[in-house]
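Worksheet: one structure, shown below.
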Amino acid sequence: MLTLTSILDCDAFRRSKKGVNLAPEFFRSLLEVVQQDTNRLAALIEDMLNISRIESGIMTLQLQPMTILELTESVTASLRTVISDRGMEIDIDAGTDPISFSGDRDRLTQVLTNLLDNAIKFSPIGSRVGVTARKKGRYLQVDVSDNEAGISREDLGGLFTKFFRADNAATRETGGTGLGLVITKSLVELHGGRIWAESELGKGTTFSFTLRLDPSQGKRKKPSAVDGASHILVVEDDHNVALLVQRHLEKAGYKVSVAHTGQDARAMALVHIPSLITLDIHLPDIDGFEVLESLKENPRTERIPVIVLSIAQSEDKALLMGATDYITKPFSEEKLIESVGKALAKGQM
């Protein structure tokens, strides 16, 4: 990276101090490089902050009704300058009937902007990029297609991993942090959807993602009179995440207590005998699996449903030890409430 120190130390700058006049364009070009590196660093920091918010589970969605056409047109308008500079066209096909759904406008704008920006950057100048939206059962599917050289089968497998960049001429010529698709995937999953890519060398790539069209999305079903008395114990060492889970559950009508350590969790479970427990695996004193094991071995707590909320990929182990469900962080409010509702309903049968 070119820094101010390297500029001052360069031979051309030393010669300018000795009386050799250099054109202002020379220094302007150096400063432009510095500005570009600064922008890349700022983008990397912002992406890392987004990743941290998502992985910690503290990113929440502000759901509101919208149509896919208005979202697509808004994103396309924001990219008008880069589209014009490359002499490209965006073809939008959202069907004849408006497709409405509930989602976080800012986060979905981020998703679509990233996919469209990539398609524009990696497609030949003067080509066309397509955006198609269709209902697929209970989901809305959005496809963003480009005309770039395509991605190899080997590279397709790594697209949604941190800092991965496909090794081809197009990616080597363009900048990027290698985190955009990771963030995009997480935001889509927070909305209860999924994302994937299909590509053919020499013909282009299509990125597709789905969003739920369930009319109850964004609404909270209030617990029944029986559920309204349900007491949930949240076991989570991160105070911010614990507060987030507590707010989600209280918003849905549940009573909530919070334990930040494994020892407190076991003690509170025996005192209160909660209707359900959400359990993080990484606790400061004892492993969450030890807490789960002790709960299932004690006759007083063995029948309490336990939903594990963790960033760790240990679903099989948790279920074998008696967990009712396993939710991987980051998770959406809808996913949490749905899992809790199912666990409580099953326990009442």
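Note that the coordinates shown come from a computational prediction; the quantities given were computed from them, not determined experimentally.
- Between the side chain of Arg266 and the main chain of Val291, no donor-acceptor pair closer than 3.5 Å is present.
- With hydrogens and angles disregarded, a donor-acceptor distance shorter than 3.5 Å links the side chain of Asp285 to the backbone of Gln263.
- Side chain of Thr67 to main chain of Glu70: a donor-acceptor pair is present (N/O by atom type, distance under 3.5 Å, no hydrogens or angles).
- Ser74 places no side-chain N or O within donor-acceptor distance of the main-chain N or O of Leu71, the cut-off being under 3.5 Å.
- The hydrophobic cluster containing Leu233 does not contain Leu336, counting ILVMFWY residues as joined when their side-chain heavy atoms lie under 4.5 angstrom apart, directly or transitively.
- In summary, Glu189 and Lys335 do not engage in a salt bridge, as defined by a charged side-chain N under 4.0 Å from a carboxylate O.
- Between Asp97 and Lys135 there is no salt bridge, since no side-chain nitrogen of the basic residue lies less than 4.0 Å from a carboxylate oxygen of the acidic one.
- Formation of a donor-acceptor pair under 3.5 Å by the Asp104 side chain with backbone atoms of Gln62 is found in this model.
- Note that CG of Leu69 is 9.5 Å distant from OG1 of Thr76, once rounded to the nearest 0.5 Å.
- Rounding to the nearest 0.5 Å gives a distance of 5.0 Å between OG of Ser257 and NE2 of His272.
- Taking CG of Leu213 as the start and CZ of Arg138 as the end, the distance is 9.5 Å to the nearest 0.5 Å.
- With respect to Asp146 and Arg128, no salt bridge is recorded, no charged nitrogen being found less than 4.0 Å from a carboxylate O.
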Could you walk me through whether Arg134 and Asp143 pass salt bridge (charged side-chain N to carboxylate O under 4.0 Å, His left out), step by step? CA-CA 9 Å; Arg134 289 289 186 272; Asp143 303 316; over 6 Å; no

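- The backbone N or O of Asn147 lies less than 3.5 Å from a partner atom in the side chain of Ser123, making a donor-acceptor pair.
- Across all their heavy atoms, Phe101 and Ile68 have their closest contact at CE2-N, 3.6 Å.
- Taking both residues in full, the closest heavy atoms of Lys296 and Met321 are given as CG-O, 3.6 Å, listed atom of the first, atom of the second, then distance.
- Transitive grouping of hydrophobic side chains (ILVMFWY, heavy atoms separated by less than 4.5 Å) brings Val188 and Ile99 into a common cluster.
- Hydrophobic cluster membership is shared by Leu116 and Val82, with clusters built from Ile, Leu, Val, Met, Phe, Trp and Tyr side chains linked at under 4.5 angstrom.
- Inter-residue side-chain proximity for Glu198 and Thr205 is flagged as unmet; no heavy-atom pair is nearer than 4.5 Å.
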